[in-house]
2 protein chains.
Amino acid sequence: MGAGIDDVALRAGVSTATVSRALRGLPRVSPETRARVLAAARDLGYVASPSASGLATGRTRTVGVMVPYVDRWYFGHAIEGIDQVLRENGYNLLLFSLGGYSPGRRRSFTESMVRKQIDALLVLTLWLSDEELLQLQRTDIPLMAVGGPVDGCAGVHIDDTAAAAAAVEHLIGLGHRHIGYLHGAAQDEHNFKVPGLRSVAFRNTMVRAGLELRPEWLVPGDFTIADGARAAARIFDLPGDKPTALFCGSDEMALGAMFEAQRRGIRIPQELSVVGIDDHEFSEPAGLTTVAQKPVEQGRAAAAMVLAELNGSPAAVQETIMPFELVVRSTTAPPPKRPA
Amino acid sequence: MGAGIDDVALRAGVSTATVSRALRGLPRVSPETRARVLAAARDLGYVASPSASGLATGRTRTVGVMVPYVDRWYFGHAIEGIDQVLRENGYNLLLFSLGGYSPGRRRSFTESMVRKQIDALLVLTLWLSDEELLQLQRTDIPLMAVGGPVDGCAGVHIDDTAAAAAAVEHLIGLGHRHIGYLHGAAQDEHNFKVPGLRSVAFRNTMVRAGLELRPEWLVPGDFTIADGARAAARIFDLPGDKPTALFCGSDEMALGAMFEAQRRGIRIPQELSVVGIDDHEFSEPAGLTTVAQKPVEQGRAAAAMVLAELNGSPAAVQETIMPFELVVRSTTAPPPKRPA
DNA sequence: CTGTTAGCGCATTCAG
DNA sequence: CTGAATGCGCTAACAG
């Protein structure tokens, strides 16, 4: 058990230095010697101690991934993508979940986390304060934001403004003039920029089309299905006229709205159109029209960039905009005929 | 940048040994000295290098978590729970996602993974071969299965047999005699025991109630919503009489069945009852009757046990059965009246 | 209670 | 192409 590098050296009849070189594919090792070392290592089941080689090289072959939640659609998929390319390249993934966007739990991280523990950090959909950013940048490990822009830090994400606009324009194109918006949580805007971007896009698109913004039709949620249902209920409960379409800040919220509508006997899309953002796996079965994005790909792209940077590529880490796509299914249709 | 232990020692006017002791809360350090060291460390922003201390102690304060997927309901939540207690105790979480149950990708793990890299391993809902189990046990780090039983390895999970029986009995109690079953994938049974347990429970419960098992009403799926819809479609497409109720191996499959039913205008629960297992966050909004389990709690329990074991508690790691609960909502009702 | 002395296991100069 | 020596940063006896 626990064969060390000397055991391998002994068995191969070479020095530990040669073993180290041979095993890591470095040059200056004759083919025969390398083969002998490889065989010895295999026979002994030798694997270098990460602690020891980490101490010696200063690199851990581990990248940190910081997320607010792991049990939410975007994050689960993004982590999956990140993990794929990390593992393909022999890197480990150290997960830091914050259990929410609350600044309280977050504080303690940034400080100690990075210290000799990870070679790079991927921050998923979290807003970083200037101070935190500075701390991280001083450690000078490659740093990337995934899923939402962070000022002063390269990131990979979709153009949230354009994506939201695409959804709203689809509705407008269908003839809707009374559109409500179930948006991401306002109180999280400090931690997470995406809701804000989408909200602004909604407003701008509406205004540009000459449509009225009804404050009571703009209701905040937290991206969950439960909150989507709750937010939709608030709109449905409103006295007076109702929107003929709902734009939702996430598919989960859209699905929540759909369930709530169904419970009330509001028919979709005959009486109400609903469009979301994400393309959650529930969306296709539910027939939800949405603006699709691919978090797995975003994760892969980000991971690939930080690894390239670690491998010496000059400026591999670059701001990258990933594509989105409007997927029209069966929750959107022209508005019902009725007196304007 | 990169203050070392000697910097702290120098600043505090003590030796590095004392710094080490003081910082780790070990005894044999006077209160004043400890305070001085703490202050110095804080001023310098000192954090011990995990590689160095790992090398010196042989422990990494990191636990590995092996999952088939991170972007699926059970795993996301279980990881969240594990992460919570790990972090509460100053441990790191190293994530190994296999991207599926395929044995191919799995192989390479077990070998090198454990080697001086983690202090304990949590295996989520994966079946381990005898050989793999042996390898892991030889490394003698605490090992635990979460979410599904693994022979020869302590685990935390619900009683899947009883849970499935509870769901089916609920249906039978309502008066259903024609019950279909959308079960977990058969081809995965080699990797994952849960589907098999639930299937056996379904059969036994049916037989015990004197009900007929219709092979064409037992259709396999893979726990996803898409497959739930597909499996339900297969049953709906069958000629002849249809089941009045569907028991689904997971809530996602149940939701898929519901969407498919809705698409065909089959009314739930008037014409068809549906019950799942899990209590997915979509289940409450969807009104799905289900047998609830709490993966976050299971993750927390498992993590707590391996940490206790690491902290020297004799036999902290114990087989533990977590509770489940039948949650009756609005997708189940007595079967429609019709000629038997 | 505190300082000194050795390693932990590997990667790297530098000779050869 | 290969080996011997040195150190990565910290912890763990052992003295004192």
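Each chain gets a letter, A, B and so on, in the order its sequence line appears, and its residues count up from 1.
Here A17(B) lies in heavy-atom contact (under 4.0 Å) with a base. Counting non-hydrogen atoms under 4.0 angstrom, V14(A) reaches the backbone sugars and phosphates but no base.
Closest to the side chain of R21(B), out of dC14(D), dC10(D), dA11(C), is dC14(D). Across dC1(C), dA5(D), dT11(D), the shortest atom-to-atom separation from the side chain of S20(B) is found for dT11(D). Relative to the side chain of S15(B), the nucleotides dG3(C), dC1(C), dT13(C) differ in distance, and dG3(C) lies closest. The listed nucleotides are dC1(D), dG9(D), dT2(C); the one nearest the side chain of R28(B) is dT2(C).
Checked by atom type, the side-chain pair H157(B)/E319(B) shows a donor-acceptor distance below 3.5 Å.
Note on S30(A): a side-chain N or O is less than 4.0 Å away from OP1 or OP2 of dT2(D). Contact annotation: R36(B) side-chain N/O to dC1(C) OP1/OP2 distance is not under 4.0 Å. The phosphate of dC10(D) (OP1 or OP2) has no side-chain N or O of R59(B) nearer than 4.0 angstrom. Look at S49(B) and you won't find any side-chain N or O under 4.0 angstrom from OP1 or OP2 of dC10(D). For the OP1/OP2 pair of dG9(C) and a distance below 4.0 Å, the side-chain nitrogens and oxygens of S53(A) include no atom meeting the criterion. Considering only side-chain N and O atoms, S51(B) lies nowhere under 4.0 angstrom from the phosphate OP1 or OP2 of dC8(D).
A distance of 5.5 Å separates CZ of R87(B) from CG of N92(B), quoted to the nearest 0.5 Å. Note that the CG atom of L94(B) and the CG atom of L122(B) stand 12.5 Å from one another [nearest 0.5 Å].
Defining each end axis of the helix from dC1(C)-dG16(D) to dG16(C)-dC1(D) as the rotation carrying four pairs' C1' atoms onto the next four, with five pairs an end, the two axes are found to diverge by 30° to 10 degrees.
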